2 protein chains.
Amino acid sequence: MALSRDQIVAAAWGILQSYGLGDLSMRRLAKDLGVQPGALYWHVANKQELLGVLAQRMVAPLSTEALDDAAPPRDRAAHLTREFRSLILAVRDGAEVVSVAHSINPESLSPVPELVALSTESGSPQGEAKYTALTLVRFTLGSVSTEQTREAMGLDTSSSEAEFTAGLELLLS
Amino acid sequence: MALSRDQIVAAAWGILQSYGLGDLSMRRLAKDLGVQPGALYWHVANKQELLGVLAQRMVAPLSTEALDDAAPPRDRAAHLTREFRSLILAVRDGAEVVSVAHSINPESLSPVPELVALSTESGSPQGEAKYTALTLVRFTLGSVSTEQTREAMGLDTSSSEAEFTAGLELLLS
DNA sequence: ACCTGAACACCGTTCAAGT
DNA sequence: ACCTGAACACCGTTCAAGT
């Protein structure tokens, strides 16, 4: 049967998970799918578009996350940010991939809209809520980027979680 | 005369400044210096080492920055972080280059040690000072990364400065 | 000591031509 | 409509051999 966009995305996801961004080339992807490299470009505009889809897939679980909870908004914001960290941390080079997607679409990529809603709910004025959300996301991306870079180099990452927790506390106090 | 390490670093710096990380290849570097690509590897272990040197050069002005000032520590920390942002913002893809260097050496790359000193001076306990410094640096790297990614794509960056200032305020309040 | 020549094992993307 | 074949213009790194 014919190659499909979904098939390409699934194969790309698999390579990213198992081998990282360095191994996710269009040529490697084509080889895994048993087609010529050029065939991919019938279904996908370019590599960047493909990475954008992978980024969206990574944060997808967040949009349905605990938005109708009973806990205080501050705690729900903390929880959502922790969940965001977990999701990108679970994928090799996840921070790098999501970072580009966030840069292209800062306001609409999860968990920014959800965090804006929570900050507004807890009494922040319009503008401040947006800034708080962006700061939380950019700090988290910076933290995970460091952690995954160190992981890939075989360096110690035992203090990463404590550093993240401290930063989160600082930002939500 | 013979090729030198300094000559290589200077040429690499020039390419990074003018054309960005995408154009900074070992082959392009060799062509600009009028040598074969392999010649570079007599003076430099690999590309990563070279990028590390460039990162250090970017933040070098910070180590002598306003450490004996009369202003309150909080203001000096804010000023130092702003200066850090300016330095990496001034170099194409500066955030990406410095991010790796920070990940390899989080505690010793400027402005982390200076920020730790300032936080301690203003009354923070040992551990907290380190966390504050790391959070400031990682947020800044995340912010500039977004800004430079958008710049490279021709997207609007007019809100970047306000977003950075708001985050800084949030972290140092 | 320092560099060339040449290779190895790769990249992303395009596009005429085939089916 | 969808894919192949083949090319274009590149990568980082190694290493025998030359000077």
Side-chain angles (χ1 to χ4, degrees), chain A residues 1-55 92-93 96-101 103-104 148-149 152-154, chain B residues 1-55 92-93 96-101 103-104 148-149 152-154:
Chain A
M1 57 207 149
L3 188 62
S4 76
R5 197 182 151 96
D6 282 357
Q7 236 176 116
I8 293 172
V9 172
W13 180 261
I15 294 175
L16 189 64
Q17 279 276 5
S18 315
Y19 305 97
L21 202 53
D23 282 51
L24 178 46
S25 68
M26 298 302 271
R27 286 174 178 275
R28 163 73 185 276
L29 199 49
K31 188 166 280 175
D32 282 17
L33 289 163
V35 297
Q36 294 297 313
L40 302 175
Y41 291 86
W42 184 263
H43 303 276
V44 155
N46 49 41
K47 189 178 179 179
Q48 191 179 222
E49 185 191 284
L50 186 57
L51 292 178
V53 174
L54 295 179
R92 283 246 244 281
D93 301 309
E96 211 173 322
V97 174
V98 171
S99 200
V100 177
S103 297
I104 295 171
Q148 290 182 326
T149 298
M153 291 180 145
Chain B
M1 56 207 153
L3 187 63
S4 76
R5 199 183 151 95
D6 282 358
Q7 236 176 116
I8 293 172
V9 172
W13 180 261
I15 295 174
L16 189 64
Q17 279 277 4
S18 315
Y19 305 98
L21 202 54
D23 281 51
L24 179 46
S25 69
M26 297 302 270
R27 286 173 179 275
R28 163 74 185 275
L29 199 50
K31 188 165 280 174
D32 282 17
L33 289 164
V35 296
Q36 294 297 313
L40 302 175
Y41 291 87
W42 184 263
H43 303 275
V44 156
N46 48 42
K47 189 179 180 178
Q48 190 178 223
E49 185 192 283
L50 187 56
L51 293 178
V53 174
L54 295 179
R92 283 245 244 282
D93 301 310
E96 213 174 322
V97 174
V98 171
S99 200
V100 177
S103 298
I104 294 171
Q148 291 182 326
T149 298
M153 290 179 145

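All values below come from the heavy atoms of this structure, side chains included, with hydrogens, waters and symmetry mates left out. Computed from a predicted structure; not experimentally measured. Within every chain, numbering begins at 1; the chains are lettered A, B, ... in the order of the sequence lines, protein sequences first and strands thereafter.
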*In whole Å, what separates the P atom of D/dA9 from that of C/dC10?*
23 Å
_Side chains of A/Arg27 and A/Pro37, heavy atoms from C-beta outward: is any pair under 4.5 Å?_
yes
_Strand partner of D/dC11, provided both Watson-Crick or wobble distances fall under 3.5 Å_ = none
*Roughly, in whole Å, what's the span from CG in A/Leu29 to P in C/dC10?*
16 Å
*CD1 of A/Ile8 versus C1' of C/dT13: gap in Å, rounded?*
14 Å
*Which residue, A/Arg28, A/Lys31, A/Arg92, forms the salt bridge (Lys or Arg N to Asp or Glu O under 4.0 Å) with A/Asp23?*
A/Arg28
*Could you check which nucleotide pairs with D/dT4 in any of the strands shown, counting Watson-Crick or G-U wobble with both distances under 3.5 Å?*
C/dA16
*For B/Arg5 and C/dC3, what is the distance between atoms CZ and P respectively, to the nearest whole Å?*
14 Å
_Please determine whether a side-chain nitrogen or oxygen atom of A/Trp42 lies at a distance below 4.0 Å from atom OP1 or OP2 of D/dC2._
yes
_Proximal nucleotide (of C/dG12, D/dC11, C/dC3) relative to the B/Arg27 side chain_ = D/dC11
*With a 4.0 Å cut-off on heavy atoms, is A/Ala39 in touch with a base, just the backbone sugar-phosphate, or nothing at all?*
base
*In whole angstrom, what separates B/Glu49's CD from D/dG12's P?*
15 Å
*Under a 4.5 Å cut-off applied to non-hydrogen side-chain atoms, are B/Leu29 and B/Leu50 in contact?*
yes
*Considering only side-chain heavy atoms of A/Ser25, which listed nucleotide, D/dG12, C/dT4, C/dC11, is closest?*
C/dC11
*Write down the distance between CG (A/Leu21) and P (C/dC10), rounded to a whole number of angstrom.*
17 Å
*Shortest non-hydrogen separation from A/His43 to A/Leu3 and the atoms involved*: CE1-O, 2.9 Å
*Please tell me which of the listed nucleotides, C/dT13, D/dC2, D/dG12, lies nearest to the side chain of A/Pro37?*
C/dT13
*Among D/dT13, C/dC2, D/dC8, which is the nearest nucleotide to the side chain of B/Tyr41?*
D/dT13
*Atom CG of A/Leu40 and atom C1' of C/dT14: how far apart are they, to the nearest Å?*
13 Å
*Of the nucleotides C/dT4, C/dT13, C/dC3, which has the atom closest to the B/Gln36 side chain?*
C/dT4
*Options D/dT13, D/dC11, C/dC11, nucleotide nearest the side-chain atoms of B/Asn46*: D/dT13
*Can you check whether B/Leu51 reaches B/Leu24 side chain to side chain, under 4.5 Å on heavy atoms?*
yes
_side-chain N/O B/His43 vs C/dA1 OP1/OP2, d < 4.0 Å_ = no
*Specify the residue among A/Arg28 and A/Ala45 whose closest nucleotide of DNA chain C lies further upstream toward the 5′ end.*
A/Arg28
*asked:* Can you identify which nucleotide, out of D/dT13, C/dT4, D/dC3, has its nearest atom closest to the B/Lys47 side chain?
replied: D/dT13
_Check: A/Leu40 and A/Leu33 side chains under 4.5 Å, non-hydrogen atoms_ = yes
*Between C/dC11 (C1') and A/Leu51 (CG): distance, integer Å*: 14 Å
*Rounded to the nearest angstrom, tell me the gap between atom CG in B/Asp23 and atom P in D/dG12.*
11 Å
